[in-house]
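Working notes, structure below.
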Amino acid sequence: MSIDNIISASVAEAVNKLYNASITADSVVPTATKKEFEGNLTVVVFPFLKMSKKNPETTAEEIGRYIQENCDAVKSFNVIKGFLNIVIEPAFWSNVLQHIDETPDYGFTPVTPDSKLVMVEYSSPNTNKPLHLGHVRNNLLGYSLSKILEANGNKVVKTNIVNDRGIHICKSMLAWQKWGNGATPESTGKKGDHLIGDFYVLFDKHYKAELEELVKTGMTKEEAEAASPLMLEARAMLQKWEAGDESVRSVWKMMNDWVYAGFDETYKRLGVSFDKIYYESETYLEGKEKVLEGLEKGHMYRKDDGSVWADLTGEGLDHKLLLRSDGTSVYMTQDIGTAKLRYIDYPIDKMIYVVGNEQNYHFQVLSILLDRLGFEWGKDLVHFSYGMVELPEGKMKSREGTVVDADDLMDKMVADAKDAMSERATLDGCDSDEANDIARMIGLGALKYFILKVDPRKNMTFNPKESIDFNGNTGPFIQYTYARIQSLLRKAKDSGISLDVNLNTVQPNEKEVSLIQLLADFPSVVKSAGNDYSPAQIANYTYDLVKEYNQYYHDYPMLKESDANVKAFRIILSRNVANIVSRAMELLGIEVPPRM
């Protein structure tokens, strides 16, 4: 039993015995005592005042005395207003370390046949361009969230919906037909997603030039946009696609296949994966069918022009278009169709959409519509809404070809890691393959950690230079600490140091108590990160842990400690710090190198 659980049970027992109450241990949640006060754990007693019928200070004093007399783990206590600060017996922390050391998956809740099934959708790329920095944040958040939910005992299905149809796809296709000269990834030496992205930019270039010429003839901007031959051709191509035109569909399939091959390379390198991929081209008709079914049941209505709408004024919103007058779908229709197929494929208990905060309204509407259409999880779907990510130079615009490409960004991060490693001269003796692999881990770890340490709800600026720093709250700093401990463990093994020690024979010092308490906090951090959908909590906990460890490593001898039991204790403590660091970084999708 963890120290938190022991204190929770003791406080619950005290309240029940002292005040003739019947609370459970689950209702008592100790937190780490603030550094300015004496104590290890703090319990807030305000919830117990109705039972005690006494003031906060008296209630805390009575509970404190009871647990000090009846719980071996409690050494002393002090009261600050309604806060009961509890000092744990130093020797007891050795038991805590022993428990952590003997629990291979400490902090993780096992998945069982009865576990809830959570589906997490993330990535959602368009097949007209390569993945960019915004997609990087989306993918990292979605993958990490999936790992955290699984660590909390949920069955998790990671899913992706690829936006492989629509006017934006037709723009790239039309540009390739007009100006591509039969270019392929093989003939150009370009990844397929990059090649198609080039044609998307090329379409926009010609389209803008066309608008400029039309405006010169006296048209307004709106008139020019409506009269643009290029845009009219693209819209005609979309109508042909929806009609199943074989010539259009064959070009569409060929170009999408190029893009998928490019996406797969990027996903693999980024270290993210999916259990099931859905395609808009396969879901939008399902969505139309479901909308028409809702129309028959009176959940939607049809306007005179033939378009289909949902009246959401009863929910404080507006009227939402679901099918255009020409019968074509909108994004909402696609999401309804995808939901239908997912519900057939999986017995979903909870659905989480990882999508940027510019889509808050969309998912508010989707939740209402899915509930109306009979999806059990519709009302409780979660929109994991995150903020935008920019570089110090500002926003990205894909139509202008100024996006920060995910592949280029990863190349830069790995190159920067190599430069940083060469300056530090830390990999002497490594062959080139090992050095390159470590540079890859450091570069991508820097990228992932810098993005994931930020509260996902906030907008952020990604600064490559800051992220690769080996000091401060960065991925490389955490990776270096892990590698430092691995070096310590190798040296201990080579020196023949025995770790066969009864940890209870060593009374930890103040710094060791602080470290063990941080290790003991790991399960509650994992649980909180899952409840709040926040990988940032895992990231910042890990930084706090390694920062504390580095101070400890600096202040106390390890291999040179003269007392054999103390030496073994410190090495075992170090090993467990490394284990928790590795486990926490795994939840962030970050690898930890054995040496740096």
Side-chain angles (χ1 to χ4, degrees), residues 1-14 24-26 28-33 35 38-43 63-78 84-110 485 488-489 492 497-527 541 544-545 548-549 552-553 556 558 561 563-584:
M1 183 182 290
S2 71
I3 185 62
D4 283 20
N5 290 340
I6 290 171
I7 296 303
S8 294
S10 296
V11 170
E13 179 186 313
T24 63
D26 291 341
V28 182
V29 183
T31 57
T33 304
K35 290 190 179 296
E38 181 189 11
N40 303 112
L41 294 172
T42 296
V43 173
I63 295 172
R65 279 198 299 273
Y66 182 95
I67 64 174
Q68 184 178 13
E69 292 168 2
N70 293 278
C71 179
D72 293 340
V74 177
K75 178 182 179 183
S76 62
F77 70 92
N78 63 84
L84 172 60
N85 300 321
I86 302 162
V87 179
I88 305 300
E89 282 284 358
F92 187 81
W93 290 108
S94 299
N95 291 326
V96 175
L97 180 59
Q98 185 83 42
H99 169 69
I100 295 170
D101 190 56
E102 293 173 351
T103 308
D105 288 324
Y106 184 75
F108 289 4
T109 302
I485 296 174
L488 170 69
L489 297 177
I497 296 172
S498 172
L499 300 182
D500 185 17
V501 61
N502 182 350
L503 295 177
N504 294 320
T505 62
V506 178
Q507 179 162 310
N509 61 41
E510 184 179 348
K511 183 63 76 172
E512 287 161 346
V513 166
S514 179
L515 267 175
I516 296 169
Q517 185 169 356
L518 275 170
L519 295 178
D521 287 343
F522 184 56
S524 62
V525 173
V526 173
K527 184 176 181 180
Y541 160 82
D544 289 341
L545 176 61
E548 189 77 11
Y549 178 80
Y552 172 61
Y553 184 90
Y556 294 92
M558 299 284 167
E561 168 59 46
D563 186 309
N565 285 345
V566 172
K567 182 192 298 182
F569 182 94
R570 289 177 181 170
I571 294 170
I572 292 170
L573 175 56
S574 299
R575 181 177 69 196
N576 281 278
V577 169
N579 289 343
I580 295 298
V581 166
S582 175
R583 213 163 294 157

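Quick note: residue numbers are just sequence positions, from 1.
Here the CG atom belonging to N565 is positioned 4.0 Å from the OG1 atom belonging to T505, to the nearest 0.5 angstrom. For the atom pair CD1 (I100) and CZ (R575), the distance works out to 12.0 Å, reported to the nearest 0.5 Å. Between the CD atom of Q517 and the CD1 atom of I88 there is a distance of 7.5 Å, given to the nearest 0.5 Å. Note: E13 CD to Y66 OH = 3.5 Å, rounded to the nearest 0.5 Å. How far CD1 of I571 is from CD1 of I485: 12.0 Å, rounded to the nearest 0.5 Å. How far CH2 of W93 is from CG of L573: 12.0 Å, rounded to the nearest 0.5 Å.
Here the side chains of D521 and L519 are not in contact, with every heavy-atom distance at 4.5 Å or above. T109 has its side chain out of reach of K527: every pair of non-hydrogen atoms, C-beta onward, lies at least 4.5 Å apart. V513 places none of its side-chain heavy atoms less than 4.5 Å from the side chain of E510. With contacts defined as side-chain heavy-atom distances shorter than 4.5 Å, the pair D563/F569 does not qualify. Counting only heavy atoms from C-beta outward, the side chains of Y552 and V577 never approach each other to under 4.5 Å. The closest side-chain heavy-atom distance from L515 to L545 is below 4.5 Å. Side-chain contact between E89 and D72 is absent, with no heavy-atom pair separated by less than 4.5 Å. Using a 4.5 Å cut-off on side-chain heavy atoms (C-beta onward), N579 and N576 make contact.
Dense packing is recorded around CD of E102, with more than 12 heavy atoms of other residues, nucleotides or ligands lying under 6.0 Å away. For N504, the CG atom sits in a packed shell: over 12 heavy atoms of surrounding residues, nucleotides or ligands are nearer than 6.0 Å. In this structure, K511 places its NZ atom where more than 12 heavy-atom neighbours from other residues, nucleotides or ligands lie under 6.0 Å away.
Of all the heavy atoms in S94 and P508, the pair that sits closest is OG-CD, 3.4 Å. When all heavy atoms are compared, the tightest approach of L518 to Y541 is O-OH, 2.7 Å. Heavy atoms only, all atoms of each residue included: L499 and I572 are closest at O-CD1, 3.6 Å. Taking every heavy atom of both residues into account, A73 and I3 meet most closely at CB-CD1, 4.0 Å. Minimum interatomic distance between S8 and A25 (heavy atoms only, all atoms of both residues): CB-O, 3.5 Å. In terms of heavy-atom proximity, Y556 sits nearest to R570 at CD2-NH2, 3.6 Å.
In terms of modelled atom types and a separation under 3.5 Å, the side chain of D105 and the main chain of F108 share no donor-acceptor contact.
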List the steps and the verdict of side-chain contact (heavy atoms from CB on, under 4.5 Å) for R583 and Y106. CA-CA 9 Å; R583 213 163 294 157; Y106 184 75; 3.5 Å; yes

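T33 and N40 are not linked by any side-chain donor-acceptor pair at a separation below 3.5 angstrom, with hydrogens and angles left out of the test.
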